[in-house]
Amino acid sequence: MSSFYSPNSIQSFIPPQRTLMGPGPSDISPQVLQALSRPTIGHLDPLFIGMMDELKQLLKYAFQTENEFTIAVSAPGSAGMETCFVNLIEPGEKVVVCRNGVFGERMRENVVRCGGEAIIVDDEWGAPVSVEKVEQALKANPDAVAVAFVHAETSTGALSDAEAISQVARQYDALSIVDAVTSLGGVPLLVDEWQLDAVYSGSQKCLSCVPGLSPVTLSKKAVDKIQKRETPVQSWFLDQSLVLGYWSGEGKRSYHHTAPVNSLYALHESLVALKNEGLEQAWARHQSMHNKLKVGLEKLGFSFVVSEGSRLPQLNAIYIPEGTDEAKVRGDLLEQYNLEIGAGLGSLAGKAWRIGLMGYGARNENVSLCLRALEEVMN
Ligand SMILES: *Cc1c(COP(=O)(O)O)cnc(C)c1O
């Protein structure tokens with residue numbers, strides 16, 4: 001064999017111990033990493049099925065919902081987004097899409113690829129979605145079947161009023177499709193109380209689990225719409241009528257795809273940690289760590305992209321001072337402090353940094369390290 005094709009020099013990959021304070025993935029606790037390394041068992045093993053049933057209960061707690069359809073899609077948050085759109089939207093249907101950052105634009109793409117028509121409600125990057133504009137869009141398009149919006153826009157750090165938007169949607173008989181990838185576990189998200197219809201999240205943000213899973217919950221209204229579809233869902237893998245048989249217990253469990261067994265152990269463990277801490281305590285911890293970080297950042301002269309009332313505690317977008325070599329600062333933080341912070345995305349590229357305080361990463365040590373490292377590197 002030619003030595004050219006033989007990867008002789010490659011050995012095990014041993015990553016460094018970083019502190020992850022970007023927009024995700026977030027720091028993972030030792031308990032969750034330990035759960036990941038437990039023995040792999042068959043994904044139709046009765047014990048594994050029992051674990052999946054517990055996982056559903058834990059997800060219902062995290063989402064604050066009684067929705068029967070509450071599962072984790074075996075793929076990252078982007079697949080949760082796609083799951084909601086490909087199942088709920090049929091060709092020709094109108095969807096009001098709120099766009100105040102990167103992820104709203106991705107929702108628009110999803111609608112278009114489903115053959116739907118996206119009615120865009122634009123808001124400035126860094127601002128929350130305007131409920132009034134959503135209402136105007138619905139007034140002008142009363143035949144819209146859904147309103148899609150991002151609860152916590154990770155590209156800017158803005159929090160939108162999910163309860164108010166879904167209320168307006170309901171007045172016009174439209175379903176709400178909600179991106180809760182960054183909000184779940186970090187700020188209040190009350191799926192049942194706010195009557196949200198299709199909500200997807202991600203494992204790697206405030207749940208502090210490994211990337212690659214997407215919790216999704218669908219209301220009865222959303223499930224009804226899927227059941228009344230006239231056209232088949234174009235994605236076989238994400239067709240929830242097929243996946244449901246896989247996640248519904250007691251004898252009904254059938255093979256659909258091989259579950260990411262160990263990743264699901266990790267999600268189970270991270271949700272047990274969330275339950276043990278308590279949702280409200282977790283929200284309060286994110287808020288108090290944000291408050292500490294904010295005081296420190298303002299002392300260093302930084303200002304926030306998002307105004308106070310709609311600022312996410314778990315995603316702090318700050319303006320980069322003029323004349324700073326922003327990529328070099330991030331490189332120095334990574335090399336000298338093993339600290340990752342996020343670059344700006346889209347229209348904030350080169351203008352802002354994004355400092356995440358997500359899940360296990362929302363703790364005192366991280367806040368102190370970040371402030372100290374930023375101060376030293378900037379000097
Ligand atoms: C991270 C993120 C996603 C995508 O999740 P992936 O796990 O990266 O696929 C979608 N929406 C928002 C708001 C996000 O922050």
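Counting starts at 1 for both ligands and their atoms, following the listed order. Every heavy atom of this structure was used, including side-chain atoms; hydrogens, water molecules and symmetry mates were not.
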Peer 1: Look only at interatomic distance and state if Q204 has a nitrogen or oxygen under 3.5 Å from any nitrogen or oxygen of ligand 1.
Peer 2: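 Such a contact does occur with ligand 1.
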
Peer 1: When you compare the side chains of D192 and T65, does any donor N or O come within less than 3.5 Å of an acceptor on the partner?
Peer 2: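 Per modelled atom types, D192 and T65 side chains form a pair under 3.5 Å.
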
Peer 1: Could you tell me which atoms of ligand 1, counted from 1 in the order shown, lie closer than 4.0 angstrom to a heavy atom of A152?
Peer 2: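 Taking each heavy atom of A152 in turn, ligand 1 has 13 (C) under 4.0 Å.
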
Peer 1: If I apply the N/O under 3.5 Å rule, does T154 come out as touching ligand 1?
Peer 2: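 Yes, T154 has an N/O under 3.5 Å of an N/O on ligand 1.
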
Peer 1: Quiz question: by atom type and distance under 3.5 Å, do the side chains of T324 and E326 form a donor-acceptor pair?
Peer 2: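 Side-chain D/A pair, T324 to E326: absent.
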
Peer 1: Looking only at protein heavy atoms, which one is nearest to atom 3 (C) of ligand 1, and what is the separation?
Peer 2: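 For atom 3 (C) of ligand 1, the nearest protein heavy atom comes out as F103 CE2, 3.5 Å.
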
Peer 1: I'd like to check L315 versus P23 (side-chain heavy atoms, cut-off strictly below 4.5 Å). Are they in contact?
Peer 2: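 The answer is yes; the side chains approach within 4.5 Å.
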
Peer 1: Is there a side chain to side chain donor-acceptor pair (under 3.5 Å) between S208 and S270? Walk through the geometry before answering.
Peer 2: CA-CA 7 Å; S208 273; S270 67; over 6 Å; no

Peer 1: Distance to 0.1 Å, residue and atom name: give those for the protein heavy atom nearest to atom 11 (N) of ligand 1.
Peer 2: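 Its nearest protein heavy-atom neighbour is D179 OD2, 2.6 Å.
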
Peer 1: Heavy-atom distances under 4.0 Å decide this one: backbone, side chain, both or neither, for P211 against ligand 1?
Peer 2: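 Within the 4.0 Å criterion, P211 makes no contact with ligand 1.
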
Peer 1: Would the number of heavy atoms belonging to other residues, nucleotides or ligands and lying under 6.0 Å from NZ of K221 be above 12?
Peer 2: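 Count over threshold, so yes.
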
Peer 1: Using a strict 4.0 Å cut-off to heavy atoms of T182, name the atoms of ligand 1 that fall inside it.
Peer 2: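 Result: 15 (O).
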
Peer 1: Which residue from G80, S201, G77 reaches closest to atom 5 (O) of ligand 1 through any of its heavy atoms?
Peer 2: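 Of the listed residues, G77 has the closest heavy atom.
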
Peer 1: Heavy atoms only, cut-off 4.0 Å: how does K205 contact ligand 1, side chain, backbone, both, or neither?
Peer 2: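 It is the side chain that gets close, since no backbone atom is under 4.0 Å.
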
Peer 1: Which pair of non-hydrogen atoms, one from A146 and one from I89, has the smallest distance, and what is that distance?
Peer 2: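 Here A146 and I89 meet closest at CB-CD1, 4.3 Å.
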
Peer 1: Which residue supplies the protein heavy atom nearest to atom 9 (O) of ligand 1, what is that atom called, and how far is it?
Peer 2: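 Checked against all protein heavy atoms, atom 9 (O) of ligand 1 sits closest to S78 OG, 2.5 Å.
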
Peer 1: Can you tell me which residue among R363, K205, R18 is in a salt bridge (Lys or Arg N to Asp or Glu O under 4.0 Å) with D27?
Peer 2: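 Passing option: R363.
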
